[in-house]
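Here's the structure we're looking at; comments come further down.
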Number of protein chains: 2
Amino acid sequence: MGIAERKEREKQDIKDLILLKAKEILIKEGQDGLSIRKLATEIEYSPATIYLYFQDKDEILYQMMNMGFEKMAQSMAHVYTLEDPLKRIFEIGRLYIEFGLNEWEWYHLMFNSASPMNHIERCKAEWGPGIAMYDYLASCCKEAYALQNKLDRDPKIAALHLWSAAHGLVTLAVTHRFCVVEDNAHEETVRNKLIDDTLKHIMISLFDYKI
Amino acid sequence: MGIAERKEREKQDIKDLILLKAKEILIKEGQDGLSIRKLATEIEYSPATIYLYFQDKDEILYQMMNMGFEKMAQSMAHVYTLEDPLKRIFEIGRLYIEFGLNEWEWYHLMFNSASPMNHIERCKAEWGPGIAMYDYLASCCKEAYALQNKLDRDPKIAALHLWSAAHGLVTLAVTHRFCVVEDNAHEETVRNKLIDDTLKHIMISLFDYKI
DNA sequence: TGATTTAATAAACAGTGTTTAGTATATTTG
DNA sequence: CAAATATACTAAACACTGTTTATTAAATCA
């Protein structure tokens, strides 16, 4: 009975179509510009149809959050090839911040927005890629501290320190909090210099690592 | 001709009334629950009237952001009395994070939301209290580094490091990113422990300061 | 008192997420 | 094959949102 399978395929096709168009709108107009009604006209279905494939808007955002994690993982793929754990940590930090600044709409979904998290709690779904990234960073910190004989430091807490600092840098920069505490002549350049210097400061403070 | 003055007073009174009720709604229902129409019914005027006193919703949020800075400054008042710059820095960090967690709606307005910043750019208004806080923190870092003869460290960048880390901690915690990377048994307690440990880690990393 | 300025609003505009009731079409059953 | 059922889809409504415009009522000025 291939009909059920075909229907299943068609259902998945429309789900994919919705997510594909949602992705396009997200990139073009950001999370605020992504509305169910706009998405509906874009895929040439009525708004109500979308609710036959997704429970609500937050579920769509949740699915897109996962797409964002894939994107980020891709941009960080080469990190695993590095020998030196300190270089790995620095690269993770650098790429994390770069991703946050250049792909803010994805980043916002993954680490800042409340909407997709609503769905995580409701479904008790997992945040697999986020946890994996955090665990990997912690393992790098463990290696680094082991090499430096800093055995009193908790690598998990160090990872949290790094994550928080990087996340703070990204969000404060994107929401224009840096351009007001510094002379905001050329926001972009000032911002990049501040972030670069702060990342260096972080590496020196945590690991006495001068790049 | 006291009529003009009286009118000016009455105008200010209504402005104050709007902001007072806005504050009440913000505390009760958060920034998402604060709508112009709800605010209008609350002050017993029509929605259109609000636009005679404020340019748009963002201007109201901008004014409330400034109220938030006052609140935060009050909670940090005793810091200035501390002798040791390291104790000052730790207290600023501790109180900053505490404020962010306990008064999230205010914090969100001050350091996370995009809306009030729209207005800052439009009006070229200042972010005085935020800048003052940042400068004070930087001056504390300068003192601390001077006492420790760490003259190669830039205190402004250290302040940015501290600020970013604290901001990151607060926002990741509030948006439930911590409860998913740790076993989320008791979100509140896990979260508080993580934040406490991370703050300690920050103080050790930056200033070799064990509390 | 009559003219003018000011304050306030009803109603509309252009959106938003979501639900419900109803209609075509496709599939299954007798 | 025809009747019954199940599926896919949508029009319209509900309850909201921020903001603008035309109009009315009241206060002030001449």
Side-chain angles (χ1 to χ4, degrees), chain A residues 1-19 21-22 25-26 28-64 109 113-119 122-123, chain B residues 1-19 21-22 25-26 28-64 109 113-119 122-123:
Chain A
M1 205 158 285
I3 287 171
E5 278 93 332
R6 196 209 64 211
K7 290 226 164 177
E8 197 58 47
R9 269 204 316 276
E10 285 176 353
K11 198 151 197 150
Q12 192 55 52
D13 284 349
I14 293 190
K15 264 189 155 175
D16 291 346
L17 177 67
I18 292 170
L19 289 175
K21 285 287 174 192
I25 296 173
L26 182 83
K28 265 189 214 134
E29 308 179 54
Q31 194 175 312
D32 291 344
L34 173 56
S35 78
I36 296 291
R37 294 173 122 100
K38 200 182 285 175
L39 186 50
T41 56
E42 206 65 41
I43 60 168
E44 294 175 299
Y45 281 91
S46 81
T49 300
I50 289 171
Y51 290 87
L52 299 174
Y53 296 91
F54 295 95
Q55 206 174 95
D56 52 26
K57 192 185 175 181
D58 289 349
E59 201 198 328
I60 296 174
L61 294 177
Y62 170 73
Q63 298 283 7
M64 298 183 73
L109 224 42
S113 174
S115 310
M117 296 310 261
N118 292 339
H119 216 268
R122 211 191 297 157
C123 297
Chain B
M1 206 160 280
I3 287 171
E5 277 94 331
R6 196 209 63 211
K7 289 225 165 177
E8 198 58 46
R9 269 203 316 276
E10 285 176 352
K11 197 149 199 151
Q12 191 55 51
D13 285 350
I14 293 190
K15 264 189 154 174
D16 291 346
L17 177 67
I18 292 170
L19 288 175
K21 284 287 174 192
I25 296 172
L26 182 83
K28 264 190 215 133
E29 309 179 54
Q31 193 176 311
D32 290 344
L34 172 56
S35 78
I36 295 292
R37 294 173 121 100
K38 201 183 283 174
L39 186 48
T41 56
E42 206 66 40
I43 59 167
E44 294 175 297
Y45 280 91
S46 82
T49 301
I50 289 170
Y51 290 87
L52 300 173
Y53 296 91
F54 294 95
Q55 204 173 97
D56 53 26
K57 193 186 175 182
D58 289 349
E59 201 198 328
I60 296 173
L61 294 177
Y62 170 73
Q63 298 283 7
M64 299 183 73
L109 224 42
S113 174
S115 310
M117 297 309 262
N118 292 338
H119 217 269
R122 211 191 299 158
C123 296

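Remember, predicted model here, so these are calculated numbers, not experimental data. Residue numbers start from 1 in every chain, and the chains themselves are labelled A, B, ... in the order their sequence lines are given, proteins ahead of strands.
Between the side chain of Lys57(B) and the main chain of Leu34(B), a donor-acceptor pair closer than 3.5 Å is present. Asp16(B) places no side-chain N or O within 3.5 Å of a backbone atom of Leu19(B) that could act as its donor or acceptor partner. The backbone N or O of Gly33(A) lies less than 3.5 Å from no partner atom in the side chain of Lys28(A), so there is not a single donor-acceptor pair.
Separating the NZ atom of Lys11(B) from the C1' atom of dA7(C) is a distance of 8 Å, rounded to the nearest angstrom. Glu10(B) places its CD atom 16 Å from the P atom of dA26(D), with the value rounded to the nearest Å. Rounding to whole angstrom units, CG of residue Asp56(B) and P of dT20(D) are separated by 8 Å. Distance, Leu34(A) CG to dG15(C) P: 16 Å, rounded to whole Å. Look at CG on Leu39(B): it is 13 Å from P on dT9(C), rounded to the nearest Å. With rounding to whole Å, Ile36(B) atom CD1 is found 19 Å from dT16(C) atom P. If you take CG of Leu61(B) and C1' of dG18(D), they are 12 Å apart, rounded to a whole angstrom. As rounded to whole Å, 16 Å separates atom P of dA7(C) from atom CD1 of Ile50(B).
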Before you tell me yes or no, could you show the steps for Tyr45(B) and Ile18(B) under side-chain contact (heavy atoms from CB on, under 4.5 Å), namely the whole-Å CA-CA distance, both residues' side-chain angles and the distance that decides it to 0.1 Å?
CA-CA 10 Å; Tyr45(B) 280 91; Ile18(B) 292 170; over 6 Å; no
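In the set dA8(C), dT19(D), dC9(D), dA8(C) carries the atom at the smallest distance from any side-chain atom of Thr49(B). With dG18(D), dT9(C), dC9(D) as the candidates, the nucleotide lying closest to the side chain of Leu52(A) is dC9(D). Out of dA11(D), dC9(D), dT20(D), the shortest distance to the side chain of Ala48(B) is found at dT20(D). Relative to the side chain of Ser46(B), the nucleotides dA10(C), dA8(D), dT18(C) differ in distance, and dA10(C) lies closest. Comparing atom distances between the Lys38(A) side chain and each of dT18(C), dT16(C), dT10(D) picks out dT16(C) as nearest. Candidate nucleotides dA7(C), dT18(C), dA8(C) were compared by shortest atom distance to the side chain of Tyr53(B), and dA8(C) ranks first. Picking from dC9(D), dG18(D), dG17(C) the nucleotide with the shortest atom distance to the side chain of Ser35(B) gives dG18(D). The side chain of Tyr51(B) lies closest to dT19(D) when the candidates are dT10(D), dT19(C), dT19(D).
Judged by distance alone, with hydrogens and angles left aside, Arg37(A) brings a side-chain donor or acceptor within reach of the base of dG17(C), the pair sitting under 3.5 Å.
Minimum interatomic distance between Lys11(B) and Tyr53(B) (heavy atoms only, all atoms of both residues): CG-CE2, 3.7 Å.
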